[in-house]
Amino acid sequence: MSVMETLKLWADFHVGQQMYAYDHFDPRGPKFYWRPVSKARLVCAWLRELLSGVRDARLCGFQGWVYCMVREGEYTTQELMGLNDEIEVL
């Protein structure tokens, strides 16, 4: 897949949907805190892993990499948040 095809997929990916990155866990709550992440930051993180040879980034492309990161718990969307998840206001 070329870079232009990947960037087009990125533009089409979850249009209007905000992504969140795991920030920390508060055991007193117990709550998981998430912070908003821009699409530009997601693309930079993917490119960094792509250039360093991370398998998911290399084989799956941007959308596959985001799926793997959501599955592993590093990123999420608001629809996937549970009752113990809070969005951190910065």
Measure the spacing between CD of Gln78 and CD1 of Ile87 and express it to the nearest 0.5 Å. 4.0 Å

Identify whether Val70 and Leu42 are in the same connected component of the hydrophobic contact network (ILVMFWY, side-chain heavy atoms under 4.5 Å). yes

Side-chain contact, heavy-atom cut-off 4.5 Å: Tyr22 with Trp34? yes

When rounded to the nearest 0.5 Å, the distance separating CZ of Phe62 from NZ of Lys39 is 8.0 Å

Hydrophobic cluster membership, with links at side-chain heavy-atom distances under 4.5 Å among I/L/V/M/F/W/Y: are Val54 and Trp46 in one? no

Cluster check Met69, Leu47: I/L/V/M/F/W/Y, side chain < 4.5 angstrom: yes

Has Arg41 got more than 12 heavy atoms of other residues, nucleotides or ligands less than 6.0 Å from its CZ? no

Results of side chain to side chain contact (heavy atoms under 4.5 Å, CB included) for Arg48 - residues two or more places apart only: Ala45

Suppose we screen for side chain to side chain contact (heavy atoms under 4.5 Å, CB included). Which residues come up paired with Leu83, at least two apart in sequence or across chains? none

Hey, what do you get for CD (Glu88) to NE2 (His24), rounding to the nearest 0.5 Å? 5.0 Å

Are more than 12 heavy atoms, taken from residues, nucleotides or ligands other than Arg55, located less than 6.0 Å from that residue's CZ atom? no

Through direct or indirect side-chain contacts below 4.5 angstrom among Ile, Leu, Val, Met, Phe, Trp and Tyr, which residues connect to Tyr33? none

By side chain to side chain contact (heavy atoms under 4.5 Å, CB included), Arg28 pairs with (sequence neighbours left out) Asp26

Here the gap from Gln18 atom CD to Ser38 atom OG, rounded to the nearest 0.5 Å, amounts to 8.0 Å

How long is the span from the CG atom in Leu80 to the CE atom in Met19, to the nearest 0.5 Å? 8.5 Å

Among residues at least two apart in sequence or on other chains, which ones pass side chain to side chain donor-acceptor pair (under 3.5 Å) with Asn84? none

Going by ring-ring contact (aromatic ring centres under 6.0 Å, His included), name the residues that satisfy it together with Phe32, two or more places apart in sequence or in a different chain. Phe25

Going by the rule salt bridge (Lys or Arg N to Asp or Glu O under 4.0 Å), which residues pair with Glu86 if we only count those two or more places apart in sequence or in a different chain? Lys31

Looking only at heavy atoms, which two atoms of Tyr75 and Val37 are closest? And how far apart? CE2-CG2, 4.1 Å

A side-chain contact here means heavy atoms from C-beta on lying under 4.5 Å apart; do Thr76 and Met81 qualify? yes

Excluding sequence neighbours, so at least two apart, what forms salt bridge (Lys or Arg N to Asp or Glu O under 4.0 Å) with Asp85? none

Hydrophobic clusters join Ile, Leu, Val, Met, Phe, Trp and Tyr when side-chain heavy atoms are under 4.5 Å apart, directly or via other members; which others share one with Leu59? none

